[in-house]
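Here the structure is a predicted model, which means the values were calculated and not measured. Just so we're on the same page: letters track the sequence lines, and every chain starts at 1.
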2 protein chains.
Amino acid sequence: MSVTIKDVARMANVSVASVSRALNGHGGVTAETQKRIREVAARLRYVPHNAARSLITRRTQTIGALLPDLHGAFFSELIRGIDLAARARGLYMLVSSSHGDATEAAIALRAMQGRVDGLLVMSPHADEVFLDENLPIVLPTVLINSHVRSDRHAALDVDDYGGARTMTEHLLGLGRKRIAFIAGPEVNHDVQERCRGYREALAAAGLADRAIVLPGDFTEESGYHAGKQALAMVPRPDAIFAANDMMAIGCLSALSEAKVRTPEDIAVAGFDDIPMARYVTPPLTTVRVRIAELGEAALERLVRMIEAPDDAAPEPRTVVGTELVVRASCGGNDAVRRRA
Amino acid sequence: MSVTIKDVARMANVSVASVSRALNGHGGVTAETQKRIREVAARLRYVPHNAARSLITRRTQTIGALLPDLHGAFFSELIRGIDLAARARGLYMLVSSSHGDATEAAIALRAMQGRVDGLLVMSPHADEVFLDENLPIVLPTVLINSHVRSDRHAALDVDDYGGARTMTEHLLGLGRKRIAFIAGPEVNHDVQERCRGYREALAAAGLADRAIVLPGDFTEESGYHAGKQALAMVPRPDAIFAANDMMAIGCLSALSEAKVRTPEDIAVAGFDDIPMARYVTPPLTTVRVRIAELGEAALERLVRMIEAPDDAAPEPRTVVGTELVVRASCGGNDAVRRRA
DNA sequence: AGCTCGTGTGAAAACGTTTACGTTCCGCGC
DNA sequence: GCGCGGAACGTAAACGTTTTCACACGAGCT
């Protein structure tokens with residue numbers, strides 16, 4: 001097909017070795033021949049064939065990202081963070097997302113073989129057995145928000161627990177006593193941690209028995225239903241803390257539909273701080289997750305692993321912080337409070 | 001490093017050729033040996049090295065996506081659409097985004113060489129000269145929302161013109177007479193088309209001289225400023241049509257701050273139908289762009305080009321439709337009207 | 001019996017690089 | 001005059017596949 005290194009070599013009256021050396025700046029060629037070779041290469045529009053190069057150098061300059069369904073602002077931001085950090089290092093990003101089941105994810109994982117220098121994995125299917133089965137041992141891998149607690153794999157998490165605890169404490173601090181929590185998909189690791197933060201904050205305030213956990217699945221609709229449910233309770237909760245913003249927004253609809261005032265009658269809080277949170281009525285108090293930062297941190301970690309394969313000192317599990325973002329939906333003054 | 005086809009061959013007492021045939025199901029192997037080879041391969045956790053395979057087959061099972069900054073809901077959706085369609089075909093997606101300048105984009109473009117079977121390009125730098133300079137001629141490429149009007153490249157566009165025209169007509173139909181338009185970045189092809197739709201709709205209604213175009217840059221802030229500007233005009237516009245939703249949202253803030261009622265005093269409309277549009281107050285009338293569909297369509301087109309390199313009949317420039325989404329911000333009843 | 005044919009298998013070439021190792025050449029010191 | 005060292009460059013191996021070709025073998029036909 002295209003023009004190869006041999007063509008360049010022929011046109012420049014040198015061997016392919018010299019072309020390679022000249023183009024990669026490895027020295028061992030006169031400045032003059034180097035110049036000539038470069039000119040010929042440019043004239044011929046020569047571009048090295050990456051597959052061939054990867055084959056011999058064992059480097060692809062590419063990292064793989066195994067992600068769940070790309071839906072929603074979360075993954076958009078995550079990809080953005082990864083991409084930004086990757087591009088700063090001249091790396092490319094091979095994306096594979098939305099794997100319905102573990103088999104599909106396994107296929108995707110195997111297909112990354114020989115295509116990437118490292119892997120970023122954020123998948124509900126990525127339990128320990130799965131990884132052991134399908135991961136080539138040699139491939140550096142960073143797990144993002146995984147429930148796998150193994151020190152065989154590097155991992156990076158959002159501080160779900162801390163964020164939820166801070167939010168619950170914030171609500172308690174505002175004088176709310178009956179705080180309901182809308183949960184997400186049960187298998188979800190984030191949800192579990194957020195729920196744990198909620199429960200422990202209540203327990204710390206001596207209100208352990210006041211915990212009310214409503215079911216949800218991260219969709220706006222499920223938030224709406226949970227809102228209805230909360231309204232029907234006696235005594236009514238005076239605050240609702242949803243495990244993500246979309247459910248909080250659904251909940252707001254349910255309340256406004258029932259002519260219940262927010263935050264006067266019931267305060268509402270979310271988690272994530274998706275862009276929309278600022279614009280709903282009333283603006284949503286939430287926990288900001290610095291998702292792009294998570295992506296960046298994960299990539300940086302991965303790069304370190306790639307560059308130093310002799311991971312003598314496996315770094316500890318890292319956690320990226322959250323911030324409490326106070327808006328009108330819970331009362332109190334607007335503010336952002338950082339939490340490491 | 002890893003286990004190669006040779007290892008499998010040795011363990012199974014066959015040649016590498018047989019292993020290749022057995023694993024790829026090319027026939028020419030007894031059912032029995034095929035089974036044996038498969039078992040050995042599974043036991044050894046053999047995974048073919050993709051770089052080597054690509055080198056010889058000249059197929060990478062990967063498509064490249066050259067995108068501008070991934071910010072915002074638009075690219076998130078676009079990537080999602082592409083990824084969905086790609087994964088349905090067993091293709092992977094190599095993403096490269098946010099190129100500050102043409103040089104950077106050129107480097108990214110060249111780096112795709114030998115890594116992808118085809119290219120999806122959506123970049124402000126992708127003018128004709130740029131493409132000619134940097135695109136290996138052989139690589140199938142689909143341009144998305146590009147201003148390049150060449151039949152040498154396949155292209156796919158959003159019907160910006162039609163959408164904007166429909167919206168303007170809708171506003172006129174609601175009795176609005178002085179409709180202002182908030183533009184976006186001047187170089188942007190979408191903006192130009194949207195503005196053209198706006199102008200021509202006015203012209204068709206005999207109101208060509210009533211066109212008011214305010215500057216903007218797609219950010220919420222610029223929408224806010226444009227809103228202020230509109231408020232200061234005499235006579236005041238009775239409708240504002242922003243070239244994207246974020247600016248419309250900024251504009252809404254400016255109006256509500258000035259205690260101007262929407263839609264009673266001034267109607268506001270946007271473009272894109274980002275998820276947030278439904279949730280602002282009042283909910284935003286806008287033009288829905290089915291972005292994921294755009295991504296899918298682009299990928300499908302690309303796949304067709306890859307599979308039939310003898311593009312005897314280059315398909316015409318394709319346009320994906322828009323829908324008018326009527327919500328409260330302009331008055332009228334909620335509805336979605338499709339436009340091919 | 002001899003020929004052809006099909007079928008299973010292996011040897012080896014090919015893909016386009018990088019790089020270890022030779023080779024040539026030249027200058028220099030003895 | 002001779003050996004030596006280093007610089008510039010070429011040769012060829014290697015990376016891990018796929019695929020073409022050749023080969024061996026048995027069955028079926030004349």
Side-chain angles (χ1 to χ4, degrees), chain A residues 1-38 40-41 44-62 110-117 136 138-139, chain B residues 1-38 40-41 44-62 110-117 136 138-139:
Chain A
M1 69 173 217
S2 229
V3 33
T4 79
I5 198 173
K6 288 180 191 162
D7 300 320
V8 179
R10 202 177 322 118
M11 293 292 285
N13 282 321
V14 292
S15 72
V16 291
S18 294
V19 177
S20 176
R21 282 187 284 251
L23 261 29
N24 293 322
H26 281 337
V29 269
T30 346
E32 190 213 356
T33 45
Q34 166 151 2
K35 179 156 169 278
R36 181 162 42 101
I37 290 173
R38 286 236 158 104
V40 172
L44 260 43
R45 299 258 172 84
Y46 167 69
V47 180
H49 193 286
N50 283 297
R53 197 205 286 251
S54 302
L55 184 57
I56 186 82
T57 60
R58 337 234 78 210
R59 274 299 173 86
T60 61
Q61 312 284 36
T62 305
R110 313 185 86 215
M112 295 275 182
Q113 179 82 283
R115 253 185 196 149
V116 298
D117 295 335
V138 284
L139 202 60
Chain B
M1 67 170 216
S2 233
V3 32
T4 79
I5 198 173
K6 287 181 193 163
D7 301 319
V8 179
R10 203 176 321 116
M11 293 291 285
N13 282 317
V14 291
S15 72
V16 291
S18 295
V19 177
S20 176
R21 280 189 285 253
L23 262 29
N24 292 323
H26 282 336
V29 202
T30 345
E32 190 214 358
T33 44
Q34 165 152 1
K35 181 157 168 278
R36 181 162 41 101
I37 291 173
R38 285 236 158 104
V40 172
L44 259 44
R45 298 257 173 83
Y46 167 68
V47 180
H49 194 286
N50 284 296
R53 197 207 284 253
S54 302
L55 184 57
I56 186 82
T57 61
R58 337 234 76 210
R59 274 300 172 85
T60 60
Q61 312 285 36
T62 306
R110 312 185 87 217
M112 295 276 181
Q113 179 81 283
R115 259 189 192 146
V116 298
D117 296 335
V138 284
L139 202 60

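The separation between Glu32(B) atom CD and dT9(C) atom P is 8 Å, rounded to whole Å. Atom P of nucleotide dG16(D) and atom CZ of Arg115(A) are separated by 17 Å, given to the nearest angstrom. If you take CG of Leu55(B) and P of dT18(C), they are 12 Å apart, rounded to a whole angstrom. Straight-line distance from the NE2 atom of His49(A) to the P atom of dT17(D): 16 Å, rounded to whole Å. Rounding to whole angstrom units, CD1 of residue Ile37(A) and P of dA8(D) are separated by 13 Å. At whole-Å resolution of the value, CZ in Arg21(A) and C1' in dG10(D) are 8 Å apart. To the nearest angstrom, C1' of dT17(C) lies 14 Å from CD of Gln61(A). In this structure, the CD1 atom of Ile56(A) is 13 Å from the C1' atom of dC15(C), given to the nearest Å.
Residue Ser20(B) has a polar side-chain atom (N or O) positioned under 4.0 Å from OP1 or OP2 of dT18(D). For the OP1/OP2 pair of dT19(D) and a distance below 4.0 Å, the side-chain nitrogens and oxygens of His26(B) include at least one atom meeting the criterion. For the pair Ser15(B) and dG10(C), the criterion of a side-chain N or O lying under 4.0 Å from OP1 or OP2 is met. Phosphate contact (OP1/OP2 of dG16(D), side-chain N/O of Arg53(B), threshold under 4.0 Å): absent.
In this structure, Arg38(B) contributes its side chain and Ala22(B) its backbone to a donor-acceptor pair below 3.5 Å. Arg110(A) places no side-chain N or O within donor-acceptor distance of the main-chain N or O of Val47(B), the cut-off being under 3.5 Å. Looking only at distances, a side-chain donor or acceptor of Thr60(B) sits under 3.5 Å from a matching main-chain atom of Arg115(B).
Comparing Asn24(B) and Ala17(A) by the nucleotide of DNA chain D that holds the closest heavy atom to each, the one mapping nearer the 5' end is Ala17(A). Take the nearest nucleotide of DNA chain C for Ala52(B) and for Thr30(B): the residue whose nucleotide is more 5' is Thr30(B). With the nearest nucleotide of DNA chain C identified for both Gln34(B) and Lys6(A), Gln34(B) has the one nearer the 5' end.
In this structure, the separation between OG1 on Thr57(A) and CG on Asn50(A) is 9.0 Å, given to the nearest 0.5 Å.
Heavy atoms of Ser18(B) sit under 4.0 angstrom from primed sugar atoms or phosphate atoms, though from no base atom. Counting non-hydrogen atoms under 4.0 angstrom, Ser54(B) reaches nothing in the nucleic acid. Nucleic acid contact for Asn50(A): none, since no nucleic acid atom lies under 4.0 Å from a heavy atom of the residue. Counting any heavy atom pair closer than 4.0 Å across all strands shown, Asp7(B) reaches no nucleic acid atom.
The base of dG16(C) does not come close enough to the side chain of Arg58(B) for any donor and acceptor atom to sit less than 3.5 Å apart.
Each of dT17(D), dT9(C), dT17(C) was ranked by its minimum atom distance to the side chain of Pro48(B); first place goes to dT17(D).
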Take Val3(A) and Met11(A) through the side chain to side chain contact (heavy atoms under 4.5 Å, CB included) test and state the conclusion after the steps.
CA-CA 11 Å; Val3(A) 33; Met11(A) 293 292 285; over 6 Å; no
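Just one of Arg21(A), Lys6(A), Arg10(A) meets the side chain to side chain contact (heavy atoms under 4.5 Å, CB included) condition when paired with Val16(A); it is Lys6(A).
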